[in-house]
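Reviewing the structure listed below.
Note that these values count all heavy atoms, side chains included, but never hydrogens, waters or copies made by symmetry. Here, residue 1 is the first one in the sequence, and each next residue gets the next number. For ligands, and for the atoms within them, numbers begin at 1 and follow the listed sequence.
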Amino acid sequence: MSVTEEAVKKALSHVDDPDLKKDLVTLNMIQNVVIKGNKVTFDVELTTPACPMKDMIRNACINAVQHFVGKELEVEPNMTSKVTSSREVKEVLPGVKNIIAVASGKGGVGKSTVAVNLARTLAQMGASVGILDGDIYGPSIPTLFGLQGQKPGQVDGKMEPLQKDGIKIISIGFLVDRDQAIVWRGPMASSAIKQFTTDVNWGDLDYLILDLPPGTGDIHLTIAQQVPVSGSVIVTTPQEVALADCRKAVNMFLNPNINVPIFGIVENMSYFTPEDNPDKQYFLFGKGGGKAIAEQFKLPLLGEIPIVEEVQQCGDSGEALKPGSVVHSAYVKLAGELARQVAIKNGMVGLVN
Ligand SMILES: Nc1ncnc2c1ncn2[C@@H]1O[C@H](COP(=O)(O)OP(=O)(O)OP(=O)(O)O)[C@@H](O)[C@H]1O
Ligand SMILES: [Mg+2]
């Protein structure tokens, strides 16, 4: 019996995307089917390079072709990706597919650290990523990338973001002295944020991460109106004081006047793991707070990040986390889960590209 493209596609129509709950052929994720003798190859185009179910989908494709077409076949799916977009109206930032705000009610819970490590991890997984420092009054993105004192250039009247490890970066910290920005009034701060969306050459990006200042005040309302945010991630630590502020932040985004979707909750500084005994976990600030909030508001708990020296050291020196470390692995899971929630939201509203 000769193997046909039609037979291969029919077999693959038995494989569902576990999140979008439709089969891969209907979702138009199967391309370039090539049959050469006993060998079948095809591209599987996922909705994000950070897809946590990549291996599972790959195995399901191999099994389906062998089961329905021929068990002697050598099946080689080539896993590719094209990030879906949440944005219909693209007056500003036309090349940016998803804009994700990282927020928290309480200060100092690790928002900027989470924003930077999410950006780094998504970029390592193959996505094109930018980061916009929306913390006009306390910009920490330059330090977290080790770019203090550098200035962005200009091309054709637009600002060029600085780049580090493939990530495009803009912060008020590159333009003015920190002490200067701190005395700005609200309108100046929000006009600066606006310019970062209109006057910066961001180009094409899968994910633009927006690091917000702490709190739930006026500046947050303004940013939510100035920047066409696709959704937010809310960072908390496990202590009750942080959780109370986290609830405020959740309620702020859910407020009908703001109405920014929430992709999920990140619990930072969840537990301490000694470097010489990674199996041990100490819950220094309590346990399960992030999970409780996620359940209360029916939101996904995107990840739990341990408290380790490496995070603070890398933050201060502007370096990336060591691949394979406990905390880096936690970020790989977090980035995958966030990318997955973004793809689910985009898939639900039926927007692709
Ligand atoms: N998981 C972690 N383990 C160890 N240290 C951490 C962790 N997360 C954050 N930190 C440290 O905590 C401090 C505060 O982090 P960060 O500046 O990211 O918080 P923030 O919420 O952005 O603060 P702000 O509200 O001032 O913007 C930093 O010194 C950072 O290195
Ligand atoms: Mg910060």
Side-chain angles (χ1 to χ4, degrees), residues 100-121 131-148 167 169-174 178-179 181-182 189 192-193 196 209-217 219-220 223 232-239 241-246 248-250 252 265-275 278 280-287 289-290 301-322 325-335:
I100 302 167
V102 179
S104 74
K106 192 176 176 309
V109 295
K111 258 179 321 304
S112 303
T113 307
V114 167
V116 165
N117 287 306
L118 264 176
R120 283 188 182 278
T121 312
I131 188 160
L132 196 175
D133 192 350
D135 194 347
I136 295 286
Y137 298 113
S140 41
I141 297 299
T143 311
L144 288 165
F145 280 100
L147 294 171
Q148 304 96 313
I167 300 164
I169 309 159
I170 278 291
S171 168
I172 194 82
F174 297 143
R178 190 177 163 143
D179 301 340
I182 266 164
I193 297 270
F196 285 162
I209 309 284
L210 170 66
D211 181 27
L212 288 179
T216 48
I219 185 82
H220 300 86
I223 293 172
S232 61
V233 168
I234 302 180
V235 183
T236 186
T237 51
Q239 303 97 315
V241 277
L243 296 172
D245 286 345
C246 178
K248 274 193 215 159
V250 171
M252 174 184 79
I265 306 286
V266 176
E267 191 187 79
N268 187 31
M269 310 194 199
S270 293
Y271 54 88
F272 168 71
T273 295
E275 225 171 288
K280 198 104 191 108
Q281 298 182 339
Y282 297 93
F283 295 88
L284 305 180
F285 304 129
K287 193 176 173 183
L301 177 66
L302 299 173
E304 293 163 306
I305 307 294
I307 178 162
V308 287
E309 235 179 312
E310 184 189 349
V311 172
Q312 177 268 323
Q313 282 170 349
C314 286
D316 284 357
S317 63
E319 297 303 319
L321 299 169
K322 269 200 300 292
S325 67
V326 173
V327 68
H328 185 263
S329 308
Y331 269 108
V332 170
K333 267 172 85 173
L334 170 61

Flag if over 12 foreign heavy atoms under 6.0 Å of OH, Y282: no

Value for CZ (R120) from SG (C314), rounded to nearest 0.5 Å, stands at 8.0 Å

With side chains defined as the heavy atoms from C-beta onward, is the minimum distance between I169 and L147 less than 4.5 Å? yes

Provide the protein N, O or S atoms situated under 2.8 Å from the Mg ion (ligand 2); waters are not included. S112 OG

Walk me through whether T216 and K248 qualify under side-chain hydrogen bond (donor to acceptor under 3.5 Å, both in side chains). CA-CA 7 Å; T216 48; K248 274 193 215 159; 5.9 Å; no

Please round to the nearest 0.5 Å and tell me the distance separating atom CG of D245 and atom OG of S104. 8.0 Å

For ligand 1, which of its N or O atoms have a protein N or O partner closer than 3.5 Å, and how long is each gap?
{"unit_1": "ligand 1", "atom_1": "1 (N)", "unit_2": "N268", "atom_2": "OD1", "d": "3.0"}
{"unit_1": "ligand 1", "atom_1": "1 (N)", "unit_2": "P306", "atom_2": "O", "d": "2.9"}
{"unit_1": "ligand 1", "atom_1": "3 (N)", "unit_2": "V308", "atom_2": "N", "d": "3.2"}
{"unit_1": "ligand 1", "atom_1": "3 (N)", "unit_2": "V308", "atom_2": "O", "d": "3.4"}
{"unit_1": "ligand 1", "atom_1": "8 (N)", "unit_2": "N268", "atom_2": "ND2", "d": "2.9"}
{"unit_1": "ligand 1", "atom_1": "18 (O)", "unit_2": "S112", "atom_2": "N", "d": "3.4"}
{"unit_1": "ligand 1", "atom_1": "18 (O)", "unit_2": "T113", "atom_2": "N", "d": "2.8"}
{"unit_1": "ligand 1", "atom_1": "18 (O)", "unit_2": "T113", "atom_2": "OG1", "d": "2.4"}
{"unit_1": "ligand 1", "atom_1": "19 (O)", "unit_2": "G110", "atom_2": "N", "d": "3.0"}
{"unit_1": "ligand 1", "atom_1": "21 (O)", "unit_2": "G108", "atom_2": "N", "d": "3.4"}
{"unit_1": "ligand 1", "atom_1": "21 (O)", "unit_2": "V109", "atom_2": "N", "d": "3.1"}
{"unit_1": "ligand 1", "atom_1": "21 (O)", "unit_2": "G110", "atom_2": "N", "d": "2.9"}
{"unit_1": "ligand 1", "atom_1": "21 (O)", "unit_2": "K111", "atom_2": "N", "d": "2.9"}
{"unit_1": "ligand 1", "atom_1": "21 (O)", "unit_2": "K111", "atom_2": "NZ", "d": "2.8"}
{"unit_1": "ligand 1", "atom_1": "22 (O)", "unit_2": "K111", "atom_2": "N", "d": "3.4"}
{"unit_1": "ligand 1", "atom_1": "22 (O)", "unit_2": "S112", "atom_2": "N", "d": "2.8"}
{"unit_1": "ligand 1", "atom_1": "22 (O)", "unit_2": "S112", "atom_2": "OG", "d": "2.9"}
{"unit_1": "ligand 1", "atom_1": "23 (O)", "unit_2": "G108", "atom_2": "N", "d": "3.2"}
{"unit_1": "ligand 1", "atom_1": "25 (O)", "unit_2": "G108", "atom_2": "N", "d": "2.8"}
{"unit_1": "ligand 1", "atom_1": "25 (O)", "unit_2": "K111", "atom_2": "NZ", "d": "2.9"}

Within this structure, what is the CD-CD1 distance for the pair E267 and I305, rounded to the nearest 0.5 Å? 10.0 Å

Separation of T121 OG1 from L321 CG (nearest 0.5 Å): 7.0 Å

Hey, which of L144, V116, L118, L210 is the one that makes side chain to side chain contact (heavy atoms under 4.5 Å, CB included) with I131? V116

Roughly how far, to the nearest 0.5 Å, is CD1 of I170 from CD1 of I193? 11.5 Å

